[in-house]
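The block underneath contains the structure these notes are about, expressed in structure tokens.
The shown structure was predicted, so the numbers you read here are calculated from the model rather than taken from an experiment.
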Amino acid sequence: MTPVHFSFSSAFVLGLMGLAFHRTHLLSALLCLEGMMLSLFIALALWALQFESTGFSAAPMLLLAFSACEASAGLALLVATARTHGTDRLQNLSLLQC
């Protein structure tokens with residue numbers, strides 16, 4: 001495994017561990033998801049450049065578009081949560097309350 005592959009794999013795993021173990025605020029969970037998506041984007045872009053495949057060059061852009069949609073939906077949920085509950089702490093949120 002090259003150092004470049006190791007760094008992107010470790011960035012993805014660190015984002016996954018942050019999402020799994022550090023779930024106090026909704027904003028920190030969204031930042032971990034965004035870090036995971038960015039590491040996947042860079043890894044896919046480098047993979048397409050490494051194999052010089054022209055048919056696969058659209059996949060990183062598609063992933064980046066989905067990442068932007070995920071970020072905007074997450075920020076909309078963050079704003080809605082902050083307005084209704086007054087905080088973004090995940091422990092205060094309950095699916096049983098409306």
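For the atom pair R89 CZ and T24 OG1, the distance stands at 6.0 Å (nearest 0.5 Å). From M61, atom CE reaches atom OG of S67 across 12.0 Å, with rounding to the nearest 0.5 Å. Considering OG of S10 and CG of L16, their distance stands at 12.5 Å, rounded to 0.5 Å. Taking CZ of F66 as the start and CZ of F41 as the end, the distance is 14.0 Å to the nearest 0.5 Å. Put simply, CG on L19 and CE on M17 are 11.5 Å apart, with the number rounded to the nearest 0.5 Å. Interatomic distance, L33 CG to L38 CG, rounded to the nearest 0.5 Å: 11.0 Å.
Residues passing the side-chain hydrogen bond (donor to acceptor under 3.5 Å, both in side chains) test with S39, sequence neighbours excluded: none.
Nearest heavy-atom pair across L63 and L44 is CD2-CD1, 3.7 Å. The two atoms that bring L78 and L30 nearest to each other are CB-CD1, 4.3 Å, heavy atoms only. In this structure, H22 and S28 approach most closely via the heavy-atom pair O-OG, 3.7 Å.
By the rule that hydrophobic residues join a cluster once side-chain heavy atoms approach within less than 4.5 Å of another member, F51 and I42 end up as members of one cluster. M37 and L77 are members of different hydrophobic clusters when ILVMFWY side chains are connected at heavy-atom separations under 4.5 Å. A single hydrophobic cluster is not seen to contain both W47 and V13; linkage of ILVMFWY side chains at heavy-atom distances under 4.5 Å, directly or through other members, places them apart.
Using a 3.5 Å distance cut-off with no hydrogens or angles, the side chains of H5 and T2 do pair a donor with an acceptor.
Proximity of L40 to F8: side-chain heavy atoms (C-beta onward) are nowhere separated by under 4.5 Å. Looking at heavy atoms from C-beta onward, L75 lies out of side-chain contact with V79 at the 4.5 angstrom threshold.
Applying the side chain to side chain donor-acceptor pair (under 3.5 Å) test to every pair with at least one member in residues 70-81, sequence neighbours left out, gives no pairs at all.
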